[in-house]
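Taking it in order: structure first as structure tokens, then the write-up.
Whatever order the structure lists them in is the order used to number ligands and atoms, beginning at 1.
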Amino acid sequence: MTDYRQMWTDLDMDLDTHDQLCAVLPDAFGDTYLSQDNRPENMAFYDFVVSEIHGVRPAELIELQKQGGKVFGTFCVFVPDEVVIACGGTVTGLCGGSQFWVPAGEKVLPSDTCPLVKASLGAHFGKTCPYFSVADVYVGETTCDAKKKAYEILGADKRTYVMDMPQMKRQKDVDKWTGEIADFAAEVEGVTGRALTPENLGAAIRLVNEKRRALARVFEARKVTNCIPISGKDALLMVQIAFFDDPARCAEMANKLADELEQRVADGVSVFPAGTKRILVTGTPLAIPNWKLHHIIETSGAAVVCEEMCTGTRYFENLVDEGADTLEGQFKALSERYMKNNCACFTPNPGRVEDVVRMAREYHVDGVIDANLKFCTLYNVEKPSLAAALEAEGIPVLALETDYADNDAEQLRTRVGAFVEML
Ligand code: BJ8
């Protein structure tokens, strides 16, 4: 394994504290992932990335910076990667998915804040994540209260650009997001020193669409009923890593995995025994390395076959129209695609309920688990209406609220086990 200590020192990271994280991650990954039987061979790439999660990709980003490239760190799937890529920049996801970062986050945020936001700020201020350290600029968005206030705190410490997210989905809101994308483009041009053109933006739109198509192929293979060709944990890992990876390589590796899964489907090769209950998980994102819920479900007699969340279908569903040949038209096409995302930040938000019901059918699920992070008002308020819609369709649903700590794992296991039992 390569030694990245000099790189982390150069990034001004807190090496002693970071060593503690490096010490626990391999065991956590081994227990959760490597213990699975009959995994697709193409998961080897994702296992390798995790084994060097704080080394191999940050080293690539530093190389890109040496060649004049800029790194944009993002926290939400509303930020259009295409604009950054078109200007020769690189995007990396930044959401924190580990309890490890929460205490440092609680030094700058109230403790009753969503763990995702606390972990993100903890990773920044604790200097224990190279992706935060390497980013030239953070890009925030006004989706939820916790995030939009957190960006003020981050912005005092590093250049942070915030996109003003509409809260409704009227035509004037789509137009407003088009304008926000145009403003963001000006910011990206300023940071990168490169001009956006219809040609480079068109190429970036096609590239990110390719990535979306590849991820969608993997999910398509999860819809079949003759077998379950990949575990939910492995599919989740693929999406989590997609937020950090180079988009062309991401598409290539996802397509290879999809090829293998399609062959498995043809051969009837399953990771789980016949009759295993099929679960759709919906709710707040599961940022890497948050594998807690999937692990509990998949060691309780069920399999996750779909994630209706931003670390799932919302990341790749809906393509950007590639037909526009002016920047104005391309900004509009980008806005139209991104505004189709049914995040709970919108009011009203009937699209999410419709999506979950549709996907419950498409993925032939036996039940839905609606799992939200503690203190996420947006998703927690949607729980009853989502449950009512699913019950009206005859689809069993279990609502859960959790965080990154392990102390509710046994309680979750009991509830998930009882739910699976009654399906
Ligand atoms: S598009 S889901 S990535 S906002 S869980 S930080 S909402 S308090 S993450 Fe999200 Fe964009 Fe929406 Fe997706 Fe706030 Fe809730 Fe925490 Fe959240």
**Item:** Closest protein heavy atom (residue, atom, distance) for atom 12 (Fe) of ligand 1
**Value:** Cys343 SG, 2.3 Å

**Asked** Using a distance-only test with no angle check, is there a side-chain donor-acceptor pair under 3.5 angstrom linking Thr225 and Arg278?
**Response** no

**Asked** What is the distance from atom CG of Asn42 to atom CG of Leu257, rounded to the nearest 0.5 Å?
**Response** 6.0 Å

**Distance flag, aromatic centroids of Trp291 and Tyr33, threshold under 6.0 Å** = yes

**Complete:** If you scan protein heavy atoms around atom 11 (Fe) of ligand 1, the nearest is Cys76 SG, 2.3 Å

**Where ligand 1 meets Cys114 - atom numbers and elements under 4.0 angstrom, heavy-atom basis** = 5 (S), 6 (S), 8 (S), 16 (Fe)

**Pair Phe346 and Tyr338, ring centroids less than 6.0 Å apart** = no

**Fill in**
Min over Asn380, Leu378, Thr143, Thr74 of heavy-atom distance to atom 4 (S) of ligand 1 lands on Thr143

**Message:** Side chain, backbone, both or neither: which applies to Asn341 and ligand 1 if a contact is any heavy-atom pair less than 4.0 Å apart?
**Reply:** side chain

**Request:** For atom 13 (Fe) of ligand 1, find the nearest protein heavy atom and state the residue, atom name and distance (0.1 Å precision).
**Result:** Cys310 SG, 2.3 Å

**Item:** Metal site atom 14 (Fe) of ligand 1: N/O/S of Cys144 inside 2.8 Å
**Value:** yes

**Message:** Checking Lys374 against Tyr404: is there a side-chain donor and acceptor pair closer than 3.5 Å?
**Reply:** no

**Message:** Below 4.0 Å, non-hydrogen atoms only: which portion of Cys376 touches ligand 1? Side chain, backbone, both or neither.
**Reply:** both

**Asked** Any non-hydrogen atom of Cys345 lying under 4.0 Å from ligand 1?
**Response** no

**Item:** Heavy-atom neighbours of Lys340 NZ exceed 12 at 6.0 Å
**Value:** yes

**Prompt:** Looking at Trp8 versus His18, is the centre-to-centre ring distance below 6.0 Å?
**Reply:** yes

**Request:** Around atom 5 (S) of ligand 1, find the nearest protein heavy atom and jot down its residue, atom name and distance.
**Result:** Thr284 CG2, 3.4 Å

**Complete:** Nearest non-hydrogen protein atom to atom 2 (S) of ligand 1, with distance, is Tyr379 OH, 3.1 Å

**Prompt:** By number and element, which atoms of ligand 1 are closer than 4.0 Å to a non-hydrogen atom of Val77?
**Reply:** 1 (S), 3 (S)

**Request:** Show which atoms of ligand 1 fall inside a sub-4.0 Å distance from at least one heavy-atom site of Val117.
**Result:** 6 (S)

**Message:** Return the closest protein heavy atom for atom 17 (Fe) of ligand 1 as residue, atom name and distance.
**Reply:** Lys147 CE, 4.2 Å

**Prompt:** Does CD in Gln65 sit with more than 12 non-hydrogen atoms of other residues, nucleotides or ligands closer than 6.0 Å?
**Reply:** yes

**Near-ring test Phe219/Phe316, centroid separation under 6.0 angstrom** = yes

**Asked** Are Phe75 and Tyr151 near enough that their ring centres are under 6.0 Å apart?
**Response** yes

**Message:** If the cut-off is 4.0 Å to any non-hydrogen atom of Phe78, which atoms of ligand 1 fall inside it?
**Reply:** 1 (S)

